[in-house]
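For reference, the structure is listed below as structure tokens.
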Protein chains: 2
Amino acid sequence: MPHDGRVPSASIGGRVGRPPLTSREEILAAARRVIDSDGWQRLTIRRLAAELGVGAATVYHHVQDREDLLIQLLDSYADESMRTRLPSAPRERIVAATIAIHDTLAHWPWAAEVVAADGFLGRLSGSAVAMVEAIVAGAVECGATPAQATTVFRSLWYYTVGEILVRTRSDSSEADREARAPAFTDFDPEATPTLAAIGPRWLEFSARDTFAVGVDAFVDGLLSRIADDAG
Amino acid sequence: MPHDGRVPSASIGGRVGRPPLTSREEILAAARRVIDSDGWQRLTIRRLAAELGVGAATVYHHVQDREDLLIQLLDSYADESMRTRLPSAPRERIVAATIAIHDTLAHWPWAAEVVAADGFLGRLSGSAVAMVEAIVAGAVECGATPAQATTVFRSLWYYTVGEILVRTRSDSSEADREARAPAFTDFDPEATPTLAAIGPRWLEFSARDTFAVGVDAFVDGLLSRIADDAG
DNA sequence: ACCTGAACACCGTTCAAGT
DNA sequence: ACCTGAACACCGTTCAAGT
């Protein structure tokens with residue numbers, strides 16, 4: 001990078017040099033094809049390059065690294081699928097936006113890998129960032145200070161990320177579950193009477209989707225604290 | 001495995017064959033040494049075998065696979081560090097147990113990798129499982145049905161796992177953060193006025209530890225729902 | 001300006017053969 | 001009964017050299 005004001009001769013009169021074989025857009029499209037056909041576990045830089053018919057090193061001219069690729073991919077998915085109309089009442093808007101974020105992430109199991117990447121939130125765009133705005137603005141409308149509104153968002157974000165992560169990891173076959181977690185059905189009634197009493201029903205209870213109920217409860221608790229501070 | 005009642009001749013008269021060079025206990029101890037000296041990212045089967053002075057394949061005679069190793073390791077840590085005396089009031093016991101689980105996991109950044117593994121909860125032992133019992137039993141004492149008590153635990157567990165995961169991933173250097181998330185400080189004031197108004201203070205707000213406040217709020221919300229159902 | 005092959009520095013896991 | 005070397009089937013990433 002010349003800092004002396006010289007213009008690289010190649011840039012005079014438009015583009016020169018070897019024409020591009022691929023682009024950021026083509027790479028993202030190819031990544032979606034690989035995930036659809038082979039599953040997200042198979043989305044490696046090498047497999048992606050093969051899908052595009054280029055060398056693996058070429059990919060690095062269009063994305064920084066694997067994490068950057070996954071974040072861009074999730075952001076492009078998120079921007080498409082979070083175009084929900086939100087309620088105007090602030091409390092209901094917070095709940096609806098949180099559920100919209102959750103439902104989007106739940107559709108892509110690999111989201112859990114990238115959702116917590118450093119700076120992920122800061123690289124969102126379009127409708128995804130609109131959901132974040134909806135939650136934070138909703139909290140402010142409910143009387144929160146900027147710091148409190150940020151805490152409301154972060155708390156709901158942790159809950160969402162945790163649910164997605166555990167859900168993803170628990171989506172293995174019944175046979176795997178049996179082999180991996182045989183102990184959960186026979187707890188010691190002396191040391192852990194309540195768990196022992198629940199017994200095998202734990203698995204049944206855990207299979208229920210209680211995310212929305214949890215969001216509702218959490219928002220109640222978070223907003224009641226703001227009222228306490230104000231009053 | 002003979003199903004015909006024959007006893008393998010080797011088992012008559014005690015142990016025979018090549019004596020063990022290592023054991024499950026030695027492997028766990030070596031794993032801790034590797035993490036302490038080289039960091040948890042360096043804890044690979046090959047590095048671990050080198051630490052023990054055995055071949056990599058030998059490790060597989062004592063642990064099922066890498067995930068099994070990490071779960072056993074975390075469980076042994078957890079059993080040691082979750083020996084907290086809990087309050088007797090059920091609501092406070094739920095809060096204290098959740099915070100105890102969180103604080104234990106927060107000390108080992110690699111916990112996030114394994115905490116959501118399929119069946120992880122079912123393989124806990126000792127004081128770790130006592131914390132789960134404390135939360136579920138506390139909820140029952142507050143009037144929850146077994147299904148509701150399970151939901152209380154799972155909701156708090158998701159929140160805890162999410163916080164640990166995001167915390168771990170955000171613990172990179174300030175320089176990394178600058179490079180990765182430059183966008184978070186200049187949001188479009190038209191599209192996202194609240195985020196734009198918060199601006200660079202977002203990073204300051206996000207650095208605050210609000211986990212305990214969140215648990216308190218979440219438990220309030222979850223228990224109020226049980227009261228609603230009962231009344 | 002962009003692309004490439006080859007290399008670097010690794011992984012987890014399996015298995016026939018040895019002790 | 002346990003251990004091993006070697007192999008299998010991969011990774012992400014870099015870089016000098018080519019077009």
Side-chain angles (χ1 to χ4, degrees), chain A residues 1-2 6-27 30-31 34-35 38-73 110 113-114 117 176 179, chain B residues 1-2 6-27 30-31 34-35 38-73 110 113-114 117 176 179:
Chain A
M1 344 153 172
R6 268 194 305 120
V7 176
S9 60
S11 74
I12 296 173
R15 308 193 150 283
V16 294
R18 187 168 180 171
L21 278 182
T22 187
S23 64
R24 196 191 77 99
E25 283 71 28
E26 276 188 17
I27 286 173
V34 171
I35 289 174
D38 293 21
W40 74 271
Q41 295 90 339
R42 301 281 181 185
L43 180 63
T44 64
I45 299 290
R46 286 163 189 267
R47 174 73 182 81
L48 180 59
E51 178 76 20
L52 286 159
V54 300
T58 302
V59 174
Y60 287 89
H61 285 271
H62 301 276
V63 300
Q64 268 187 24
D65 51 28
R66 187 181 135 86
E67 186 173 296
D68 179 57
L69 169 72
L70 291 174
I71 290 178
Q72 287 194 47
L73 193 59
W110 48 268
E113 214 188 290
V114 89
D176 280 11
Chain B
M1 341 155 175
R6 269 195 303 120
V7 177
S9 61
S11 73
I12 297 173
R15 308 195 149 281
V16 296
R18 187 167 180 172
L21 277 182
T22 187
S23 64
R24 198 192 75 98
E25 283 71 28
E26 276 187 17
I27 286 173
V34 172
I35 289 173
D38 293 22
W40 72 273
Q41 295 91 340
R42 300 282 181 185
L43 180 62
T44 65
I45 299 289
R46 286 163 190 267
R47 174 74 182 80
L48 179 60
E51 178 76 20
L52 287 159
V54 300
T58 301
V59 175
Y60 287 90
H61 285 271
H62 302 275
V63 300
Q64 267 186 25
D65 51 28
R66 187 182 137 85
E67 187 174 295
D68 179 58
L69 168 74
L70 291 174
I71 290 177
Q72 287 193 48
L73 192 60
W110 48 269
E113 216 188 288
V114 91
D176 280 9

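Worth knowing before you read on, the calculation uses all heavy atoms, side chains too, and leaves out hydrogens, waters and symmetry mates. Residue numbers begin at 1 in each chain, while the letters A, B, ... track the order of the sequences.
- Helical stems in DNA chain C, defined as runs of 3 or more consecutive Watson-Crick or G-U wobble pairs with donor-acceptor distances under 3.5 Å: C:4-8 with D:12-16, C:12-16 with D:4-8.
- A distance of 9.0 Å separates CD in B/Gln64 from CD1 in B/Ile71, rounded to the nearest 0.5 Å.
- Whole-Å rounding puts the A/Leu21 CG to D/dG18 C1' distance at 14 Å.
- Distance A/Arg18 CZ to D/dG18 P: 13 Å, rounded to the nearest Å.
- Heavy atoms only, all atoms of each residue included: B/Leu48 and B/Ala31 are closest at CD1-N, 3.5 Å.
- In this structure, the CG atom of A/Leu70 is 12 Å from the C1' atom of D/dG12, given to the nearest Å.
- Atom CG in B/Leu69 sits 5.5 Å away from atom CD1 in B/Ile45 (nearest 0.5 Å).
- For the atom pair B/Leu21 CG and B/His61 NE2, the distance stands at 11.0 Å (nearest 0.5 Å).
- Nucleotides C/dC8 and D/dA9 are separated by 23 Å at their P atoms, to the nearest Å.
- For C/dG12, one of the phosphate oxygens OP1 or OP2 lies less than 4.0 angstrom from a side-chain nitrogen or oxygen of B/Arg66.
- Judged as a salt bridge (Lys or Arg N to Asp or Glu O under 4.0 Å), and not counting sequence neighbours, A/Glu26 has no contacts.
- A/Glu67 has its CD atom 9 Å from the P atom of D/dT13, to the nearest Å.
- Distance CG (B/Leu69) to P (C/dG12): 10 Å, rounded to an integer number of Å.
- Listed here is the closest heavy atom pair of B/His62 and B/Ser23: ND1-CA, 3.8 Å.
- Between atom CG of residue A/Leu43 and atom CH2 of residue A/Trp110 there is a gap of 8.5 Å, rounded to the nearest 0.5 Å.
- Residues from residues 38-46 of chain B with heavy atoms under 4.0 angstrom of DNA chain C, sorted by number: B/Thr44, B/Ile45, B/Arg46.
- Annotation: side chain to side chain contact (heavy atoms under 4.5 Å, CB included) contacts of A/Arg47 (sequence neighbours excluded): A/Val34, A/Ser37, A/Asp38, A/Thr44, A/Glu51.
- Annotation: the span from B/Leu73 atom CG to B/Ile27 atom CD1 amounts to 11.5 Å, rounded to 0.5 Å.
- Residue B/Leu48 contributes atom CG, which lies 11 Å from atom P of C/dC11 at whole-angstrom precision.
- Considering every non-hydrogen atom in both B/Ala49 and B/Ala56, the closest pair reads CB-CA, 3.5 Å.
- Less than 4.0 Å separates DNA chain D from at least one heavy atom of each of the following residues of residues 55-63 of chain A: A/Ala57, A/Tyr60.
- With rounding to the nearest 0.5 angstrom, the CD atom of B/Gln72 is 9.0 Å from the CD atom of B/Glu25.
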